[in-house]
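Contents: one structure, followed by commentary.
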Amino acid sequence: MPLDGRELVLGVTGSIAAYKAVVLLRELTRQGARVTVCLTEHARRFVGDLTFRTLSGRPVLTDLFDPRSDEAVEHVALAERAAAVVVAPATANVLAKAAHGIADDFLTTVLLAARGPVLMAPAMDGGMWEHPAVMANVAVLRQRGVTVMEPEAGPLASGLSGRGRLPEPETIVEALVALLSPRDLAGERVLVTAGPTREAIDPVRYISNRSSGKMGFQLAAAALRRGAAVTLVSGPTALRPPSGAVFVPIETAEEMREAVLQHAAAATIVIKAAAVGDYRVKRPAATKIKGKQDLTLDLTPNPDILAEVAARRSGATFIVGFAAETHDVAAHARGKLESKGVDLLVANDVSRAGIGFDADDNEVLLIDRWGGSRALPKMSKAAVADEILSAVLALRARAVPARR
Ligand code: CTP
């Protein structure tokens, strides 16, 4: 997990949204981060120390001069140790202090001593976000390299409506993970396919498969985090496309083929995680099929999109395929690597419970066309996604000079 073992400082300031910082803290610790919470005096009016102390398992820091707190005298060490400082919610007041280098409590002092990235998630009532003073402070902070998120629009605590709501904790975590990730895919254009395809039998029925799209969506999210421009072509899933990706929803294999061929030409890396239906119904019925008698469906093979992309590619496009197997995984995967002409093949055993189709984890074998093969242990699909992207970079670094 990207936050595993990371030392973080979570600063909470005096906004009604301070209660959401509790949810944020829980999520950060769930993802393995070790978090020290700094509350401002104003924040303590909204949420008590005890909640944060219990969830973080550490003392909560407010006062620079608290003689009971060792950390209070060690604020510089704490700020230096932290992989990142997150301020959520960040009021107009703390943005102003940070922009001007004012350090009159624990949190603002930590902000001056911080060495790592700083992420601020603003929350403020109607109209304040648009005030020229706030805008100017935000501009100063951004220019200095601080990531100031955009507050969300919607109903505000005062009853007004507007831009000023704290971004959802999930969105703050995403932004933090992106901030802490290496940007080793900057400049790359990654095309990912995901999910199942659906082939119509009649207007209400279809043939599909058990793919959830999780692996492909994690690949798209990981590539975005690492700085790539990402296009995600996906069949129907229950997942939310990662923000920042160009999302192309499709249903049938033929629609996927069209979308992929259109976007593949511009891509530097193509990753085909989709479970494309091998067959479609030759002549789908125009109206709902009625009756209780036996029914035979005439099926015809779908085009093999991966093989076609590989055959049409320009020399510089790196192509990753997947293989879903139920037996003799390595042998079948090696066969697919060669027959489809891909650079890297990710093979998984879809007959095993808890990995592969519809699971959150995966255990895959990476086989490349230069003869390498590596079995990865069982891990989350997010971690598998990072492994695949790192393998692509490593293989390409070796292969590109040879191709020229
Ligand atoms: N694939 C594709 N177009 C198809 C079928 C598969 O692009 N019509 C791609 C998948 O996205 C995946 C790879 O080919 O990257 C292998 O898919 P898989 O379902 O494992 O293999 P098949 O080619 O369908 O072979 P088989 O059904 O014989 O295992």
Side-chain angles (χ1 to χ4, degrees), residues 190-200 206-220 223 231-237 248-265 267 269-282 299-313 317-352 355-359 362-369 381 384-385 387-389 391-392 395:
V190 179
L191 170 63
V192 180
T193 70
T197 56
R198 276 183 188 171
E199 305 297 343
Y206 55 79
I207 302 176
S208 191
N209 59 61
R210 291 154 60 91
S211 167
S212 64
K214 286 176 186 164
M215 191 64 243
F217 277 57
Q218 289 292 358
L219 277 159
T231 301
L232 174 61
V233 176
S234 176
T237 74
V248 185
I250 55 88
E251 285 217 352
T252 66
E254 284 178 309
E255 286 167 8
M256 179 170 277
R257 173 180 175 272
E258 206 169 298
V260 167
L261 292 181
Q262 190 192 330
H263 289 95
I269 301 169
V270 176
I271 309 180
K272 288 230 61 222
V276 184
D278 288 325
Y279 292 94
R280 66 177 181 278
V281 178
K282 225 174 188 169
L299 302 180
T300 188
N302 271 324
D304 189 324
I305 308 168
L306 181 57
E308 198 170 339
V309 170
R312 289 190 184 194
R313 73 163 130 188
T317 317
F318 193 100
I319 300 188
V320 183
F322 273 69
E325 305 296 345
T326 54
H327 57 286
D328 296 335
V329 177
H332 282 128
R334 179 67 62 192
K336 274 182 197 168
L337 176 88
E338 277 152 24
S339 68
K340 300 200 183 211
V342 303
D343 298 311
L344 175 66
L345 198 94
V346 184
N348 54 342
D349 183 343
V350 290
S351 69
R352 288 173 51 194
I355 59 165
F357 271 165
D358 203 20
N362 214 350
E363 186 178 324
V364 301
L365 177 68
L366 302 182
I367 306 181
D368 66 66
R369 76 176 173 99
K381 285 187 174 172
V384 174
E387 290 281 353
I388 292 169
L389 294 171
V392 170
L395 288 166

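Counting convention: from 1, in listed order, for ligands and their atoms alike. Residue numbers start at 1 and run along the sequence shown. In this text the structure is predicted, and so the values were computed from the model without any measurement.
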Glu255 meets the salt bridge (charged side-chain N to carboxylate O under 4.0 Å, His left out) criterion, sequence neighbours left out, with none
Q) Within the side chain of Asp343, is there an N or O that forms a donor-acceptor pair under 3.5 Å with the backbone of Ile319? A) yes
Between Glu251 and Pro236 (side chain of the first, backbone of the second, donor and acceptor by atom type, cut-off under 3.5 Å), is there such a pair?
no
So side chain to side chain donor-acceptor pair (under 3.5 Å) across residues 324-336, not counting sequence neighbours, yields Glu325-Lys336
In short, side chain to side chain donor-acceptor pair (under 3.5 Å) pairs touching residues 207-218 with sequence neighbours left out are Lys214-Asp360
Near ligand 1 (heavy atom, under 4.0 angstrom), the protein residues are Lys272, Ala274, Val276, Asp278, Pro303, Asp304, Ile305, Leu306, Gly321, Phe322, Ala323, Ala324, Lys336, Lys340
With Glu308 as partner, the option from Arg257, Lys340, Lys272 fulfilling salt bridge (Lys or Arg N to Asp or Glu O under 4.0 Å) is Arg257
